[in-house]
Amino acid sequence: MISEQKYFHNNGVALMIGYNLINIYFFVMLFTAIYWAVHIKSVNSTGYATFMLALSFAIGIYIFGYAMELNSNTEAQILFWNQFEYLGIPFVSAFWLTAGLMYTGHFARHRVLLSLFIYVIPVITMVLRLTNDYHHLYFATVDFVYQGDKLLLNRIYGPWMFVQSIHSMLMIVITLGLFFVYFMKNREQKIGKIRLIVIASITATIGLLLSYFKPFGFIIDYMAICLPLTCLMVVIAIWKYDFLSAKARARSKAFESNRDAILLVSQQNIIIDYNKMASQLLGELGIFLTEGDLDLVFQSAPAFLETLKNGADSTLKWGMEPTERIYEISTRSIDSNHLSQGWIKTIRDVTEAYEWNKRLKRMAMVDELSGLNNRRAFMQKGERIIQEVNQKKDSLHLLMMDLDHFKNINDQFGHLNGDRVINHIGKALKTHYHENSLIARLGGEEFAVLLTGFGDAEIKEKTTRFLTEFSNHSYHDRDKTFHVTVSIGIAKKNELGQTLNALIHMADKALYQAKDNGRNCVVEFTSESL
């Protein structure tokens, strides 16, 4: 009798020690899983990382509830904590499958249908468990037994429990298949990744089966023991084998600290991450950015799609004037162990920079006072025009103009009126010689017009008419009125190899002749002018 009492006493002590160890295990795994899930989310804010966090919290709710159930001493407390567990456990396999679909780029294609398939049964399961006393569809019967000194809940499964179990098993198998196919397509991925995902899924399946069949005679939820191991293996896959290496590395280096739009694209052209600026910038262009196939996301913007799929850095113009925007798109490879794991696509709106550069170029090439080309622009553009004329064997004339006695205008009427004259002749030249002409202010009161495609008589007539119109223009300064005249020299390109400088020299000779002739006249260059 004494030995039998001693046996039951020792057996009870062993059970209590076992339950205490299980409790310690639960709380250690609970805090470990949640800590790492939050840490992963802090360095990666993608939908995939969000569901990994949700998975860890669902497991955490389940583990915490079951730990409290084991430590409860009354039937009411046990039932309460068992119901609490079902705020998390029905969604574990659902979150796991969603994370797998997002990681492999399949979730974006049929989001609504997939969500219904994944979450309808878990939601119904939660509701049926919380209301089980009214219908007994989830647990057919619930009673309590003692195992040693521990009061435990003993459940007989109802019909819906088998529906939920089959659904959970199916989701685990589908997730396993998704990851396996994905990693087989990416041969450079380490085999350890595949091994851990397989072991994690098998561990969850074993826990599910052991909970149903209870082969060792213990009234314990083996799923609660196995799920933390599953979660731990996922964490190891993330960090030891760098399961989220491309995402974590890209986000920590560039995503949140960069004001440019950034996409992380896998080798299969699947968008697996993007920053807020990308969502905002592309959203303004009418492109709804989401994780998934690059072709599907950018199907409404083929020009953007083609540029993104092109590995070379390039510039893209989007829209029509005056709202046209200019984007620079660059690509950087994300490498691990000398193997590419994907690409960082950076989209930068450079419209303002381009406009500023255009203004700077214009300032460098345009005379601000007259609005005409300056000497630098005239020489650069003039050389190109001469090359084209040589190829086409077209006519070319150069007019050199000089305002007569311009210094006297500044001295007598002031520099402000002198500026008015410069501005007026600039407008008059653009109005009179707007076709097939290059017009410039070479400096001070000196101007030049390079014309192609006109005959000698037409040039002479056109230039004489301009001189007359300009000389007849009246300038008013308070109670004074004055006129300004201009002297013009004309030179024609006669030789095939004639340079712009040679033509300027000839036109200058004719201009000097016009000044010698009394100014306010037009002189054509001839051999006698030399």
Side-chain angles (χ1 to χ4, degrees), residues 366-379 381-382 385 396-452 454-477 480-493 500-501 503-526 528-529:
V366 175
D367 175 65
E368 184 177 1
L369 187 56
S370 66
L372 303 176
N373 293 288
N374 60 18
R375 178 179 287 273
R376 176 188 299 172
F378 180 77
M379 298 303 293
K381 295 177 182 179
I385 290 174
L396 180 69
H397 293 81
L398 174 62
L399 315 182
M400 293 294 290
M401 303 182 182
D402 199 79
L403 295 172
D404 296 330
H405 305 296
F406 186 68
K407 183 178 183 301
N408 294 338
I409 299 295
N410 283 327
D411 292 342
Q412 186 175 354
F413 298 101
H415 287 278
L416 184 60
N417 279 310
D419 291 347
R420 287 174 55 202
V421 173
I422 297 295
N423 182 263
H424 174 256
I425 193 173
K427 292 179 180 178
L429 285 170
K430 284 191 287 188
T431 301
H432 199 77
Y433 294 104
H434 62 284
E435 293 181 0
N436 299 330
S437 58
L438 172 63
I439 311 169
R441 180 189 180 196
L442 301 184
E445 64 271 24
E446 188 178 21
F447 298 83
V449 182
L450 194 63
L451 302 106
T452 60
F454 293 97
D456 296 348
E458 191 177 5
I459 287 289
K460 181 66 179 292
E461 185 276 330
K462 193 175 185 69
T463 303
T464 302
R465 182 158 32 91
F466 169 78
L467 181 142
T468 302
E469 292 175 359
F470 179 77
S471 300
N472 290 334
H473 181 78
S474 300
Y475 300 90
H476 304 280
D477 179 40
K480 298 179 181 179
T481 300
F482 62 93
H483 297 267
V484 180
T485 62
V486 62
S487 299
I488 304 175
I490 301 176
K492 179 182 179 181
K493 186 178 183 302
L500 180 60
N501 282 326
L503 204 58
I504 291 174
H505 179 71
M506 293 162 56
D508 268 337
K509 288 290 185 180
L511 174 61
Y512 296 149
Q513 186 65 48
K515 288 180 177 293
D516 291 340
N517 292 349
R519 293 184 169 84
N520 192 27
C521 63
V522 179
V523 174
E524 294 180 90
F525 176 82
T526 62
E528 288 78 13
S529 302

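Among pairs with a residue in residues 406-419, those fulfilling salt bridge (charged side-chain N to carboxylate O under 4.0 Å, His left out) read Lys407-Asp411, at least two apart in sequence or across chains.
Using modelled atom types, one finds no donor on one side chain facing an acceptor on the other under 3.5 Å when comparing Asn423 with Arg420. Checked by atom type, the side-chain pair Ser487/Asp402 shows no donor-acceptor distance below 3.5 Å.
Between Val484 and Phe470 there is a side-chain heavy-atom pair separated by less than 4.5 Å. Between His405 and Thr485 there is no side-chain heavy-atom pair separated by less than 4.5 Å. In this structure, the side chains of Phe466 and Ile425 come closer than 4.5 Å at one or more pairs of heavy atoms.
For the atom pair Leu450 CG and Leu396 CG, the distance stands at 4.5 Å (nearest 0.5 Å). Of the inter-residue distances, the one linking Phe525 atom CZ with Asp508 atom CG reads 11.0 Å to the nearest 0.5 angstrom. Here the CE-CD1 distance, from Met400 to Ile490, works out to 12.5 Å after rounding to the nearest 0.5 Å. If you take OG1 on Thr452 and CG on Leu438, they are separated by 10.0 Å, rounding to the nearest 0.5 Å. Atom-to-atom distance recorded for Lys509:NZ and Gln513:CD is 10.0 Å, nearest 0.5 angstrom. In this structure, CG on Leu500 lies 5.0 Å from CZ on Phe378, to the nearest 0.5 angstrom.
Taking Lys427 as the reference, nothing meets the salt bridge (Lys or Arg N to Asp or Glu O under 4.0 Å) condition, with sequence neighbours excluded. Taking Lys430 as the reference, nothing meets the salt bridge (Lys or Arg N to Asp or Glu O under 4.0 Å) condition, with sequence neighbours excluded. Partners of Glu446 under the side-chain hydrogen bond (donor to acceptor under 3.5 Å, both in side chains) rule, at least two apart in sequence or in another chain, do not exist in this structure. Partners of Thr431 according to the side-chain hydrogen bond (donor to acceptor under 3.5 Å, both in side chains) rule, which considers only residues two or more places apart in sequence or in another chain, do not exist here. Residues satisfying the salt bridge (Lys or Arg N to Asp or Glu O under 4.0 Å) test with Lys462, not counting sequence neighbours, are none. Among residues two or more places apart in sequence or in another chain, the ring-ring contact (aromatic ring centres under 6.0 Å, His included) test is passed with His473 by His424, Tyr475. In this view, Phe454 satisfies the ring-ring contact (aromatic ring centres under 6.0 Å, His included) rule with no residue, not counting sequence neighbours. Partners of Ser370 according to the side-chain hydrogen bond (donor to acceptor under 3.5 Å, both in side chains) rule, which considers only residues two or more places apart in sequence or in another chain, are Asp367. The ring-ring contact (aromatic ring centres under 6.0 Å, His included) check on His483 picks up nothing, with sequence neighbours excluded. By the salt bridge (Lys or Arg N to Asp or Glu O under 4.0 Å) test, Asp456 is found to be paired with Lys492, residues two or more places apart in sequence or in another chain being considered. Every residue was checked against the side-chain hydrogen bond (donor to acceptor under 3.5 Å, both in side chains) condition with Arg519, not counting sequence neighbours, and none meets it.
When all heavy atoms are compared, the tightest approach of Gly489 to Ala510 is CA-CB, 3.7 Å. The two atoms that bring Val522 and Thr463 nearest to each other are CG2-CG2, 3.9 Å, heavy atoms only. The heavy-atom pair separating Leu429 from Leu372 by the smallest distance is CD1-CD1, 4.1 Å.
In Glu368, the CD atom is not crowded: 12 or fewer heavy atoms of neighbouring residues, nucleotides or ligands sit closer than 6.0 Å.
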*Go through the steps to decide whether Val449 and His397 satisfy the test side chain to side chain contact (heavy atoms under 4.5 Å, CB included), and finish with yes or no.*
CA-CA 8 Å; Val449 182; His397 293 81; over 6 Å; no
*Evaluation steps, side chain to side chain contact (heavy atoms under 4.5 Å, CB included), between Ile488 and Phe447*: CA-CA 9 Å; Ile488 304 175; Phe447 298 83; over 6 Å; no
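Looking at Ile422, Val366, Asn374 one by one, the single match for side chain to side chain contact (heavy atoms under 4.5 Å, CB included) with Arg441 turns out to be Ile422.
Formation of a donor-acceptor pair under 3.5 Å by the Arg376 side chain with backbone atoms of Met379 is not found in this model.
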